[in-house]
Amino acid sequence: MLCTGLQVYSPHTMKRAAPWDEQVDVISSDDSSSPDMEMESVNECDSKQSDTNITFDQPDKEITPEGALARRAEMYQDYMKQIPIPSNRGSVIPFTSWTGLGKSIKQLYGQPLHYLTNLLLKQWDQLRIGSEEEYRPLDTIIHPCKAEATIWLVEEVHRQTSSHHHVANLWLKDPMHHASIDAMFPQLRSKS
């Protein structure tokens with residue numbers, strides 16, 4: 001009885017192609033092979049095969065949710081690094097808040113802003129709460145061109161220098177981090 005992979009061949013009538021495409025005759029020296037012995041051999045083959053599958057199916061390292069999140073943060077940061085900061089900016093965008101200006105910039109340029117930039121814009125809006133100028137439109141306090149240039153400068157810092165480990169740690173602490181990640185995917189130019 002010969003066990004190869006998932007097929008079991010009887011030694012009495014077996015001829016099969018070998019990996020090198022030659023015919024191989026299998027001759028049994030023991031003709032006392034009974035159906036019960038053949039079933040035992042089949043069971044042995046099945047158990048050996050399943051043991052083998054278990055060994056191959058198990059990964060070398062256990063993937064943890066934190067590890068998966070860190071990998072997503074690394075992929076996100078790598079992607080954001082590839083998106084070029086627009087160089088031609090000539091529009092004057094009216095705005096009443098930092099997050100409003102960020103939203104207008106995303107629409108105008110068709111680009112996402114970095115997760116960290118979105119957080120910063122929200123923080124800047126929160127800083128205004130309770131101030132004398134809280135209800136005054138922001139574009140009457142800061143010139144729109146300066147405000148837009150500031151956002152692009154901060155965006156460049158976040159895209160080019162932020163650690164994916166830092167981003168992953170922030171995502172771990174914030175179960176709603178997806179809300180601050182823009183779902184925009186501009187076409188990237190190849191580097192060739």
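We count residues from 1, following the sequence as given. Nothing here was measured: the structure is a model prediction, and the numbers come from that model.
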### Query
If you look at every heavy atom in Leu69 and Ala168, which pair is closest and at what distance?
CD2-O, 3.8 Å
### Task
Check the hydrophobic clustering (I, L, V, M, F, W, Y; side-chain heavy atoms under 4.5 Å; chains of links allowed) and say if Met80 and Met75 are grouped together.
no
### Query
Is the backbone N or O of Lys146 less than 3.5 Å from a side-chain atom of Thr150, with the two atoms forming a donor-acceptor pair by type?
yes
### Task
Could you name each residue pair satisfying ring pair (Phe, Tyr, Trp, His ring centres under 6.0 Å) that touches residues 130-153, not counting sequence neighbours?
Tyr109-Trp152
#### Entry: Hydrophobic cluster identity match, Tyr79 and Trp171, side-chain contacts under 4.5 Å
yes
### Query
CG/Leu116 to OG1/Thr161 distance, rounded to the nearest 0.5 angstrom?
9.0 Å
### Task
List for me each residue that meets salt bridge (charged side-chain N to carboxylate O under 4.0 Å, His left out) alongside Lys122, sequence neighbours excluded, and say none if there are none.
none
## Note on the structure
When rounded to the nearest 0.5 Å, the distance separating CD1 of Ile141 from OG of Ser131 is 7.0 Å
### Message
Has Asp125 got a side-chain atom pairing as donor or acceptor with Ser97's backbone, closer than 3.5 angstrom?
### Response
no
### Task
Decide if atom CD of Glu132 counts as having more than 12 heavy atoms of other residues, nucleotides or ligands within a radius under 6.0 Å.
no
### Message
How long is the straight-line distance from CG of Leu108 back to CD of Glu148, given to the nearest 0.5 Å?
### Response
7.0 Å
### Query
Is there a side-chain contact between Ser104 and Phe95, using heavy atoms and a 4.5 Å cut-off?
no
### Message
Tell me if a side-chain donor or acceptor on Glu134 pairs with a main-chain N or O of Gly130 at a distance below 3.5 Å.
### Response
yes
### Query
Are any side-chain N or O atoms of Gln111 and backbone N or O atoms of Pro84, one a donor and one an acceptor, separated by less than 3.5 Å?
yes
### Task
Calculate, to the nearest 0.5 Å, the distance between atoms CD1 and CD1 belonging to Ile105 and Ile151 respectively.
4.0 Å
### Task
Only counting residues at least two apart or in another chain, list the ones meeting salt bridge (charged side-chain N to carboxylate O under 4.0 Å, His left out) with Glu133.
Arg136
### Message
Nearest 0.5 angstrom please: Ser180 OG to Leu113 CG, how far?
### Response
11.0 Å
### Leu127 with Val154, same ILVMFWY side-chain cluster at under 4.5 Å
yes
### Query
For residues 153-180, which residue pairs qualify under salt bridge (Lys or Arg N to Asp or Glu O under 4.0 Å), counting only residues two or more places apart or in two chains?
Glu155-Arg159
#### Entry: Verify same cluster id: Val157, Leu101 (apolar side-chain graph, 4.5 Å)
no
### Summary
In terms of heavy-atom contacts, Cys145 and Val92 come closest through SG-CG2, 3.9 Å
### Query
Which pairs count as salt bridge (Lys or Arg N to Asp or Glu O under 4.0 Å) when at least one residue sits in residues 99-120, sequence neighbours excluded?
Lys106-Asp182
### Query
Do the side chains of Ile93 and Ile85 join up, straight or via other hydrophobic residues, at under 4.5 Å, putting them in one cluster?
yes
### Task
Working to the nearest 0.5 Å, report the span between CG of Leu170 and CG of Leu119.
7.0 Å
#### Entry: Within residues 67-78 or reaching into it, pairs that qualify as side-chain hydrogen bond (donor to acceptor under 3.5 Å, both in side chains) - sequence neighbours excluded
Arg71-Glu74, Gln77-His114
#### Entry: Candidate pair Leu121 and Thr99, rule side chain to side chain contact (heavy atoms under 4.5 Å, CB included), full reasoning
CA-CA 5 Å; Leu121 296 178; Thr99 52; 4.1 Å; yes
